[in-house]
Amino acid sequence: MPEGHVTHRLADTISADFAGQIVTSSSPQGRFANEAARITGRVLTEGEAYGKHLFVGFDGIDERVHVHLGLAGRLTFGAGAPPAPVGAIRWRMSGEASYADLRGPAACDLLRPDEVTALLARLGPDPLRDDADPDLGWQRVHASSMSIAALLMDQRVAAGVGNIFRAEVLYRHRLDPMMAGRLLRRAEWDAIWDDLVDLMHAALAIGRIDTVRPEHMPEAMGRPPRVDRHGGEVYVYRRTGQRCHVCGSVVRTAELAGRNLFWCPGCQRRSRRRVLR
DNA sequence: TGTCCATGATCAA
DNA sequence: TGATCCTGGACAT
């Protein structure tokens with residue numbers, strides 16, 4: 001259940017809980033058994049995240065563990081010695097005082113440095129990383145006739161952005177999701193990028209995605225709190241059929257490239273700008 | 001107990 | 001565009 005802030009948070013937790021410690025590594029489910037065995041007895045150096053990809057390094061071995069949670073994956077932590085495995089645990093790692101369990105990842109591999117390099121070459125700038133260059137994202141957006149909604153899900157445009165940040169950032173900038181990328185102005189992209197940097201850092205710090213501005217928060221508008229199951233206050237994500245907090249229009253949804261897209265037809269108008277169908 | 005669904009991405013056609 | 005993979009939670013039966 002991850003967008004980029006989750007992966008970065010996990011990387012930070014791994015570093016905080018295990019860095020400098022000799023770890024024990026296993027694969028109760030079995031599919032990562034050979035690789036996991038090579039980790040046991042090594043000192044963990046650090047966890048690091050690029051977009052939705054998580055890397056874990058160890059002393060004395062060039063390869064790094066690479067994890068991508070996909071839709072279903074989750075990485076959880078516990079204190080003390082690990083209990084008997086419950087469910088399908090692909091990778092279990094334990095340190096001096098805690099353990100981590102990985103379930104259902106889309107990817108869990110041991111990658112050589114050249115493989116890591118190749119993987120990172122497929123990623124665009126990550127709003128959560130200081131080394132990100134938003135111009136690389138702009139180049140793709142500016143050159144594309146695809147919708148801005150589709151482009152924001154492209155990890156080469158902005159690594160770590162997922163369905164929630166996509167929907168919410170488009171809402172916050174009042175953009176029609178189906179507007180072609182090439183019709184976006186540079187200033188609009190820069191504003192989107194800056195907003196992603198802010199929103200994703202806030203989500204990283206808080207551990208949930210909040211995108212609603214103070215003046216639109218339920219308390220400020222005299223309404224009861226409305227926190228989505230994902231854990232945050234949002235404008236349109238998964239609010240199909242409910243009224244927009246700002247203009248009162250009914251929030252809509254449509255499937256786009258196999259994912260649910262949410263938007264407010266009142267605030268995100270098909271404006272004077274030409275848009276895709 | 002079963003089905004559908006999810007903050008994702010890849011692959012074949 | 002559709003099928004597929006991964007796991008577990010929500011919901012229906």
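By convention in this document, chain letters (A, B, ...) are assigned in the order of the sequence lines, proteins followed by strands, and residues within each chain are numbered from 1. No experiment lies behind these values; they were computed from the predicted model shown. Any value given below was found using the heavy atoms of this structure, including those in side chains, with hydrogens, waters and symmetry copies removed.
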task = Could you state the atom-to-atom distance from CG of Leu102(A) to P of dT7(C) in whole Å?
result = 10 Å

ask   = Counting only side-chain N and O atoms of Gln155(A), is one of them less than 4.0 Å from OP1 or OP2 of dA9(B)?
value = yes

query = Which whole-number value in Å describes the distance from Asp109(A) CG to dT10(B) P?
reply = 12 Å

inquiry  = Ring-plane angle category for His245(A) and Tyr235(A), please: parallel below 30°, perpendicular beyond 60°, tilted otherwise.
reply    = tilted

query = When the ring planes of Trp138(A) and His142(A) are compared, do they come out parallel, tilted or perpendicular, using 30° and 60° as the limits?
reply = parallel

Axial cation check for Phe262(A) ring with Arg239(A), 6.0 Å and 45° limits = no

message = A cation-pi test, strictly: NZ or CZ of Arg42(A) under 6.0 Å from the centre of the six-membered ring of Phe58(A) and no more than 45 degrees from its axis. Yes or no?
response = no

query = What distance, rounded to whole Å, do you find between the two P atoms, one in dT7(B) and one in dC11(C)?
reply = 15 Å

query = Any side-chain N or O of His68(A) under 4.0 Å from OP1/OP2 of dG8(B)?
reply = no

ask   = Parallel under 30°, tilted from 30 to 60°, perpendicular over 60°: which one fits the rings of His5(A) and Phe165(A)?
value = perpendicular

task = Let me know the distance between CE of Met153(A) and C1' of dT10(B), rounded to the nearest Å.
result = 14 Å

message = Taking only side-chain N and O atoms of Gln29(A), does any of them lie within less than 4.0 angstrom of OP1 or OP2 on dC6(C)?
response = no

message = Counting only heavy atoms and a strict 4.0 angstrom limit, can you tell me which residues of residues 251-261 of chain A come near DNA chain C?
response = none

Rounded interatomic separation in angstrom, taking CG from Asn163(A) and P from dT7(B) = 5 Å

message = Without decimals, in angstroms, what is the distance between Phe32(A) CZ and dC6(C) C1'?
response = 15 Å

query = At under 4.0 Å between heavy atoms, what does Gly162(A) touch on the DNA or RNA strands: base, sugar-phosphate, or nothing?
reply = sugar-phosphate

inquiry  = Give me the distance, rounded to whole Å, that separates dC6(C) from dT1(B) when you measure between the P atoms they each carry.
reply    = 23 Å

note = Closest to the side chain of Arg74(A), out of dT7(B), dG9(C), dT7(C), is dG9(C)

ask   = For dA9(B), does either OP1 or OP2 sit under 4.0 Å from a side-chain N or O belonging to Lys52(A)?
value = yes

query = Base, sugar-phosphate, or nothing for Arg31(A), non-hydrogen atoms under 4.0 angstrom?
reply = sugar-phosphate

query = Please give, in whole Å, the distance from dA6(B) P to Arg238(A) CZ?
reply = 8 Å

query = Distance between the P atoms of dC5(B) and dG2(C), in whole angstroms?
reply = 15 Å

ask   = How about Leu111(A) and Arg64(A): do any of their side-chain heavy atoms sit closer than 4.5 Å?
value = no

key: Residue-phosphate contact under 4.0 Å: Arg103(A) side-chain N/O, dG8(C) OP1/OP2   = yes

query = Can we say Glu35(A) and Arg90(A) salt-bridge, meaning some charged N sits less than 4.0 Å from an Asp/Glu carboxylate O?
reply = no

inquiry  = Any side-chain N or O of Arg122(A) below 4.0 angstrom from OP1/OP2 of dA9(B)?
reply    = no

key: Separation of atom CD in Glu3(A) from atom P in dA9(B), rounded to whole Å   = 9 Å

request  = Using a 4.5 Å cut-off on heavy atoms from C-beta on, say whether the side chain of Phe77(A) contacts that of Ser98(A).
outcome  = no

ask   = Once you round it to whole Å, what is the distance between C1' of dT7(C) and CH2 of Trp91(A)?
value = 18 Å

